[in-house]
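Order of the sequence lines fixes the chain letters, A, B, ..., with proteins taken first and strands second; residue numbering starts at 1 for each chain.
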Amino acid sequence: MNGEINTPKNFIRQIIDSDLQSGSHSTIHTRFPPEPNGYLHIGHAKSIVLNFGIAQDYPGSCNLRFDDTNPAKEEEEFVEAIKEDVRWLGYEWAELRFASNYFEQLYGFAVELINAGKAFVCDLNPEQVREYRGTLTEPGRESPFRNRTIEENLDLFKRMRAGEFADGSRTLRARIDMASPNINLRDPALYRIRHGLIHHQTGAEWCIYPMYDYTHPISDAIEGITHSLCTLEFEDHRPLYDWVLDNISIDCHPRQIEFSRLNLEYTVMSKRRLTQLVQEKRVSGWSDPRMPTIAGLRRRGYTPESIRHFCEAIGVTKSEGTVEMGVLENSIRGHLDAIAPRRMAVLDPLKVVISNYPADQGEVLQAGNHPKDDTLGTRELVLTREIYIDRADFREEANKKYKRLVLGGEVRLRNAYVVRCDEAVKDASGRIIELRCTYDPDTLGHNPEGRKVRGVIHWVSATQGHKAEVRLYDRLCKSAEPGKGGDFLDDLNPESLQVLRDCIVEPELARAAVGERYQFEREGYFCLDSEDSAPGRLVFNRIVSLRDSWGKGGDE
RNA sequence: UGGGGCGUGGCCAAGUGGUUAAGGCACCGGACUUUGACUCCGGUACUCGUAGGUUCGAAUCCUACCGCCCCAGCCA
């Protein structure tokens, strides 16, 4: 839909309201903390709109912070892509930060924890740690290294940093409670050793890297974040988040609040799966228009406004659900209906000869660019004796519910005259190859008297139109919940992309530019493909079809 | 069967003890229409997970039960 949804007071905004009222805070600071190990997707957009939206609506600010504590998975390409996506969505961060900016401070706080007897260097290897951890129903056992002296821990930790120990040989662990029913509190690792990695920000400076659970609360506190918003799976990490801040000398303690992540029907949203699609080349890349990535949606033709609108429309709660694709589609339809200039394009051309129309002669017709917004102006169309209409817009016979061209029947050519079909010319196999029609010269701009024309169809001049390729997209997956019963790859929709190479578009479209979006009347919204179009080669992506209460193509 | 969460019409989602339980999307009618679009009217459907209890009054409070999600990375 167009128009703004009056931003709903979701439970997080309610908490903020009361924090403001109680005087706990006078300004609100949030952050969007992606890990640069992949491209952003529509689920991230939900978080972006939440965090940046709050910063806009309250006196406050929002930082963009890369959670870059695992150089094995992260890349500079992803940080650049993420910055571009956030900006494209319409937001500007107050400050650009990296968790790696805080590595030295993080190290200092770790030393503090050691000095307080709250952290220790553990020599258990990964397998042993797992054994000692216990299970969901049994408590864990304390590490034999748990009671080392502070001096020894300090020495060992310093040597970990100095690179004296091999990967996996030791970790720095918090000293909390191996019997905690919350497994996250069973002496979680704070630092691990990783040699030989070049971190995209810090290079080879470090060979020990802090863990998320340790880094995140401190990064938030350093930045003065007031409300640290994250998804539900971090709910039982919150006690650890709080533990960290309660046990170091920092005077800021942000409040972590969790909300449910977005699930969308007929697509996949996890980074693991999206990465797999890209790596195995099941799609053309992160920006494949079928992908739910921001880059994919952008190339597909979605507008930032529509994505923001969608994110507001679905709300923010703690209950997990799966949103119907229709809600996203509705958002872009609503926006584009209001702003997209109208054009005509024939996707499956069928030649029509207007027998009583003078040959060698074109007639310039003015057509409005938008039925409800005159400020979008008009453009010229050229009507010629030979035109193309869509094959789906003709039938030799049909019942009266069919509002298109029928043998012996009349139909309006959009923005032009009424024509009657006199004959359907067929080839030897019986396939219709051409229609013979006659037009009524007295029907331009007004309806004929005494009879009713059953419908309106679009057309393009056979001599003035331009060839174009049109790509029709369908849902990425066949199943509403891909992978539910097995491998999600088995649920990929083999017909998610349909390429039409012989389309004919109206002359004006030859001047289409990347970034412009059009409505191809009676078909849907389209835009020039940003990657495969070139001068002289028109490639259009269908952003979304028009809503259709009839059933495009098929009917009965 | 440890811990943490969630359960309101097909899908989201308001609701924070007090008349007929918002709204959006979807769906079904109708109006309008040179886009089977848009827009505009109208409409359908709810045991508020279940069962008890407290109360004059419960989606809201209590108890039990059921269902679903997350957690045993030196990932985030």
Selection from B:G3, B:U34, B:C11 that lies nearest to any side-chain heavy atom of A:E324
B:C11
If the cut-off is 4.0 Å, is A:R547 near the phosphate of B:C25, judged by side-chain N/O to OP1 or OP2?
no
Could you work out the separation of B:A21 and B:C62 based on their P atoms and round it to a whole Å?
24 Å
G-U wobble or Watson-Crick pairing nucleotide for B:U55 (cut-off 3.5 Å, both distances)
none
To the nearest angstrom, the CG-P distance between A:L546 and B:C38 comes to 7 Å
Distance check, P atoms only: B:A31 and B:U47, in whole angstrom units.
33 Å
At under 4.0 Å between heavy atoms, what does A:T69 touch on the DNA or RNA strands: base, sugar-phosphate, or nothing?
sugar-phosphate
B:G3 C1' sits how many Å from A:D236 CG, rounded?
7 Å
OP1 or OP2 of B:G5 versus the side-chain N and O atoms of A:S260: is any pair under 4.0 Å?
no
If you only use heavy atoms from C-beta on, which nucleotide in B:A72, B:G5, B:U34 is closest to the side chain of A:V456?
B:U34
Side chains of A:Y266 and A:E481: donor-acceptor distance under 3.5 Å anywhere?
no
Between B:G4 (C1') and A:D242 (CG): distance, integer Å
14 Å
Looking across every strand, which nucleic acid part, if any, lies under 4.0 Å from A:L264 by heavy atom: base, sugar-phosphate, or nothing?
nothing
With a 4.0 Å cutoff (strictly under), does any side-chain N or O of A:R192 reach OP1 or OP2 of B:C75?
yes
Are A:R308 and A:H335 linked by a side-chain donor-acceptor pair shorter than 3.5 Å?
no
Taking the side chain of A:R130 as heavy atoms from C-beta outward, which of B:C25, B:C75, B:A72 is closest to it?
B:A72
Report which part of the nucleic acid A:G321 touches: base, sugar-phosphate, or nothing (heavy-atom distance under 4.0 Å, all strands).
sugar-phosphate
Check the side chains of A:Y191 and A:R173 for a donor-acceptor pair under 3.5 angstrom, ignoring hydrogens and angles.
no
Do we see a donor-acceptor contact under 3.5 Å between the side chains of A:E265 and A:T322?
no
I'd like the C1' distance from B:G9 over to B:G15, given in whole Å.
15 Å
Please report the closest heavy-atom contact between A:N153 and A:R148, naming both atoms and the distance.
ND2-O, 3.5 Å
Take atom C1' in B:C46 and the same atom in B:A22, then report the distance between them in whole Å.
14 Å
When the C1' atoms of B:U60 and B:G49 are compared, how many Å lie between them, rounded to an integer?
15 Å
Would A:Y102 and A:E223 count as having a side-chain donor-acceptor pair, cut-off 3.5 Å?
yes
Do any side-chain nitrogens or oxygens of A:R522 fall under 4.0 Å of OP1 or OP2 in B:U33?
no
When you measure from the side chain of A:S549, which nucleotide among B:G36, B:A76, B:C25 comes out closest?
B:G36
Under 4.0 Å between any heavy atoms, over every strand shown, what does A:G445 touch: base, sugar-phosphate, or nothing? Just pick one.
base
Going by an N to O cut-off under 4.0 Å, is there a salt bridge joining A:R261 and A:E320?
no
If you look at every strand shown and take non-hydrogen atoms under 4.0 Å, does A:K403 touch a base, only sugar-phosphate, or nothing?
base
Mind calculating the distance between CG (A:N182) and P (B:G3) to the nearest angstrom?
11 Å
Take the protein atom NZ of A:K73 and the nucleotide atom C1' of B:C74, then report the distance between them rounded to whole Å.
12 Å
Any strand is fair game: report the nucleotide pairing with B:U50 by Watson-Crick or G-U wobble, both distances under 3.5 Å, or none.
B:A64
Need one value for A:F234: base, sugar-phosphate or nothing, where a base atom within 4.0 Å counts as base even if backbone is also close, heavy atoms only.
base
Can you tell me how far P of B:G5 sits from NE2 of A:H237, to the nearest Å?
13 Å
Rounded distance in Å between the C1' positions of B:C48 and B:U33:
41 Å
Select base, sugar-phosphate, or nothing to describe what A:P34 touches, counting heavy atoms under 4.0 Å on all strands.
nothing
Verify the contact: side-chain N or O of A:R194 to OP1 or OP2 of B:C74, cut-off strictly under 4.0 Å; return yes or no.
no
Base, sugar-phosphate, or nothing for A:N415, non-hydrogen atoms under 4.0 angstrom?
base
Expected label for B:G73 (glycosidic angle, syn inside 90° of 0, else anti) would be syn
Assign each of A:L444 and A:V323 the nucleotide of RNA chain B bearing its closest heavy atom; nearer the 5' end lies the nucleotide of A:V323
Using atom C1' in both nucleotides, what's the gap between B:G67 and B:A58 to the nearest angstrom?
23 Å
Which is true for A:K271 with a 4.0 Å heavy-atom rule: it touches a base, it touches only sugar-phosphate, or it touches nothing?
nothing
Just how far, in rounded Å, is P of B:C71 from CG of A:D213?
13 Å
Would you say A:F259 and A:T317 make side-chain contact, with heavy atoms under 4.5 Å?
no
Under-4.0 Å salt bridge between A:D68 and A:R97:
no
How are the rings of A:H237 and A:F234 set relative to one another: parallel (under 30°), tilted (30 to 60°) or perpendicular (over 60°)?
perpendicular
Considering every strand and a 4.0 Å limit on heavy-atom distances, what is the contact class for A:M211: base, sugar-phosphate, or nothing?
sugar-phosphate
Given B:A37, B:U39, B:C25, which nucleotide is nearest the side-chain atoms of A:N330?
B:C25
Ring-base stacking, A:Y212 with B:A76 (5.5 Å, 30° cut-offs)
no
B:U35 base / A:R342 side chain donor-acceptor hit below 3.5 Å:
yes
If you look at every strand shown and take non-hydrogen atoms under 4.0 Å, does A:A416 touch a base, only sugar-phosphate, or nothing?
base
Answer yes or no: does a side-chain N or O of A:T317 lie under 4.0 Å from OP1 or OP2 of B:C12?
no
Checking base pairs now: Watson-Crick or wobble, both atom distances under 3.5 Å. What partners B:G42?
B:C28
Quick one: is B:G15 close enough that its OP1 or OP2 comes under 4.0 Å of any side-chain N or O from A:Q14?
yes
Would you tell me whether A:H458 and A:D390 have side-chain atoms, one donor and one acceptor, within less than 3.5 Å of each other?
no
Can a side chain N or O of A:S319 be found less than 4.0 Å away from OP1 or OP2 on B:A13?
yes
Residue A:T171, side-chain atoms from C-beta onward, closest of B:C74, B:C70, B:G3
B:C74
When rounded to whole Å, the CD1 to C1' distance for the pair A:I314 and B:A14 reads 16 Å
Determine the contact category for A:R173: base if any of its heavy atoms lies under 4.0 Å from a base atom, sugar-phosphate if only primed atoms, P, OP1 or OP2 are that close, otherwise nothing.
nothing
Can you check the distance between B:G36 and B:U19, where both ends of the measurement are the C1' atom (answer in whole Å)?
44 Å
So A:L185, base contact, sugar-phosphate only, or nothing? Heavy-atom distance under 4.0 Å.
nothing
Re B:A72: Watson-Crick or G-U wobble partner, both distances kept under 3.5 Å, found to be none
Could you pick out which residue, A:N184 or A:T137, lies toward the 5' side of RNA chain B when each is mapped onto its nearest nucleotide?
A:T137
Name the nucleic acid region contacted by A:N125, choosing base, sugar-phosphate or nothing; use a 4.0 angstrom heavy-atom cut-off, strictly under.
base
Between A:R333 and B:C38, does any side-chain N or O lie under 4.0 Å from OP1 or OP2?
no
